[in-house]
Number of protein chains: 2
Amino acid sequence: MAKQAGLGRDGAQVVHKVLSLLKEVSASRGRGTKLTALAEAAGLPVPTAYRLLAALLAERAVERDEATRGFRLGPLLWEFGLAAAPDVDIRRFCAPALDRIAAATGDSAYVNCRSGDDALCLDRREGSYPIQAKPIAIGNRRPLGVGATSLAVLASMPSNEVDAVVDANAARYRRHGLTAERVRSAVEATRARGFAVSTGRIVARFRGVALAIGNGVGGVPVALSVIAIEERLDLARIETTVALLRREEQALRALLASEPEIQQKGSMP
Amino acid sequence: MAKQAGLGRDGAQVVHKVLSLLKEVSASRGRGTKLTALAEAAGLPVPTAYRLLAALLAERAVERDEATRGFRLGPLLWEFGLAAAPDVDIRRFCAPALDRIAAATGDSAYVNCRSGDDALCLDRREGSYPIQAKPIAIGNRRPLGVGATSLAVLASMPSNEVDAVVDANAARYRRHGLTAERVRSAVEATRARGFAVSTGRIVARFRGVALAIGNGVGGVPVALSVIAIEERLDLARIETTVALLRREEQALRALLASEPEIQQKGSMP
DNA sequence: CGTCAGTTTCCACATCGTGGAAGAAATGCG
DNA sequence: CGCATTTCTTCCACGATGTGGAAACTGACG
């Protein structure tokens, strides 16, 4: 009753439900996400989510941690991933820069890219500093605008797309203690400032700074970031870190400009 | 009308249809598979396949090659793959062996594993010989029993599972010029012989020999293979190649026995 | 042993997907 | 070229299939 759109939608809404669920399953790292949480996050009634997840479970598209009863993505999706090598390998393209950033700062460094209405963690390097921020693992996703890296990605997109995405995500922001309004002004602030910092307390006690790579890599919005505990990322350190990020960003941008078409068909080695 | 099962199946059959389609999309390499072919292979009416694929297209789960009108897996699935790191990294485990095999023979070497009723190409090395067999790319799948590598995987499985799989695949074998009968006797022959050779002409002018790794890696049936043009793989050469494969297989088996739990959580580096 | 959050089953209802058929496009062939 | 053939896309009446509220169940915790 009262789906979301009342207009002549094109068929196969189940596909959308299933993929929403899978996106939520891949949203967080660790021992998996509980049924109830997934259902709520995907905007589905619990029994519906249950039925779909049960079907996905039978096909090995998701797994269930017997201890915590949490769902994670299953081997079938990993297998599909093998066959679905991306046309532009953003990950490989950014890897050297990531290495240098993590080495220079000693903190965790991340690359995120846009994936629909989400930011996706493409890669990560752990620095040498004893207290590491690992709130996000490779493959995790969160709504565009939630968290420093994600916000940097969002802010680098054309304004009309930003509007569309923020509207689409409006409901999801609540779960992160945000609103569409706050995200919109955070985008403004990011653009004015030239880089992004964490919006609110996404993960307590951690702070991040992030910088988008020009207007994307191969048409896909991308951002680099450094995340560390609050105490460590004080104003002075933010300044140095941003300078470092900007240097790497410019280097990557130069590379983009020189190479006619960034390396194609990267497969996953 | 007359689905396949008439019994009180558990819900969400759409999930099965969607995943069948995706499996077929990932079955073959190259510029993508045509709608009609996918529909037939997945056992769905064309309009149904069309609707589902259109929905998947809108969500970036599949892409369409504008030139050939063929479907391939899309970036969303690659992204899911990032988050769905397998518990046992068979690929990494077999990599050194693959390297050695390809180097020693000069031909293409493959690792396949079981994935449901399919064999999945996990990894591949190209040898130095000028004429290379590349019928199969990483991530491609075919029904268990079709092709040397796939047959070796199948034959290494317990007999009751073999029966179940062959029954389930019966309809699909036709599309490869095989029957359940022929596959069953090929399994017998493989077990008697100790290794598998290509069943019929899967890919014209090529021949393969394959050997399963004991009874699997971390519970998953796996096989190694070498594929070359027919002329090259004559009887004498088959003997040498099998000996080489067997040596590698024994080495891997020894490794498995020594390591308590083969490397966990391999992610995809 | 009672409470509660999370999970699973149930089932009457109607929505949503279904697939045959027919209309468009694209492709092949004479 | 223009007709024939294949492939793709849209349409739509039908009813099977998925839906989701409610209720039973499980087991963790106090």
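By convention in this document, chain letters (A, B, ...) are assigned in the order of the sequence lines, proteins followed by strands, and residues within each chain are numbered from 1. Remember, predicted model here, so these are calculated numbers, not experimental data.
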In whole angstroms, how far is the [atom2] atom of [N] from the [atom1] atom of [X]?
X	N	atom1	atom2	answer
B:L44	D:dT9	CG	P	16 Å
B:Q13	C:dG17	CD	P	13 Å
B:L53	C:dG17	CG	P	15 Å
B:E40	D:dT6	CD	P	14 Å
B:L35	D:dC8	CG	C1'	7 Å
B:H16	D:dA16	NE2	C1'	18 Å
A:K34	C:dG6	NZ	P	7 Å

Problem set entry | Phosphate contact (C:dT8 OP1 or OP2) by A:R69 side-chain N/O below 4.0 Å |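 The answer is yes; a side-chain N or O of A:R69 sits under 4.0 Å from OP1 or OP2.
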
Exercise. Reckon A:R51 has a side-chain N or O less than 4.0 Å from the OP1 or OP2 of D:dT19?
Worked result: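 Looking at the OP1 and OP2 atoms of D:dT19, one of them is under 4.0 Å from a side-chain N or O of A:R51.
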
Exercise. Does B:D167 pair with B:R184 as a salt bridge, N-O distance under 4.0 Å?
Worked result: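 Yes, this pair counts.
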
Exercise. Is the backbone N or O of A:D118 less than 3.5 Å from a side-chain atom of A:S115, with the two atoms forming a donor-acceptor pair by type?
Worked result: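 Answer holds: no.
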
Problem set entry | Donor-acceptor contact present, side-chain B:S150 to main-chain B:P143, <3.5 Å |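 Answer holds: yes.
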
Exercise. Mapping A:V15 and A:R64 onto DNA chain C by nearest heavy atom, which one lands closer to the 5' end?
Worked result: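 Of the two residues, A:R64 wins.
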
For this session: Give the nucleotide from the list D:dT7, D:dT19, D:dT9 with an atom nearest to the side chain of A:T48.
Result: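 My answer, after comparing the listed nucleotides, is D:dT19.
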
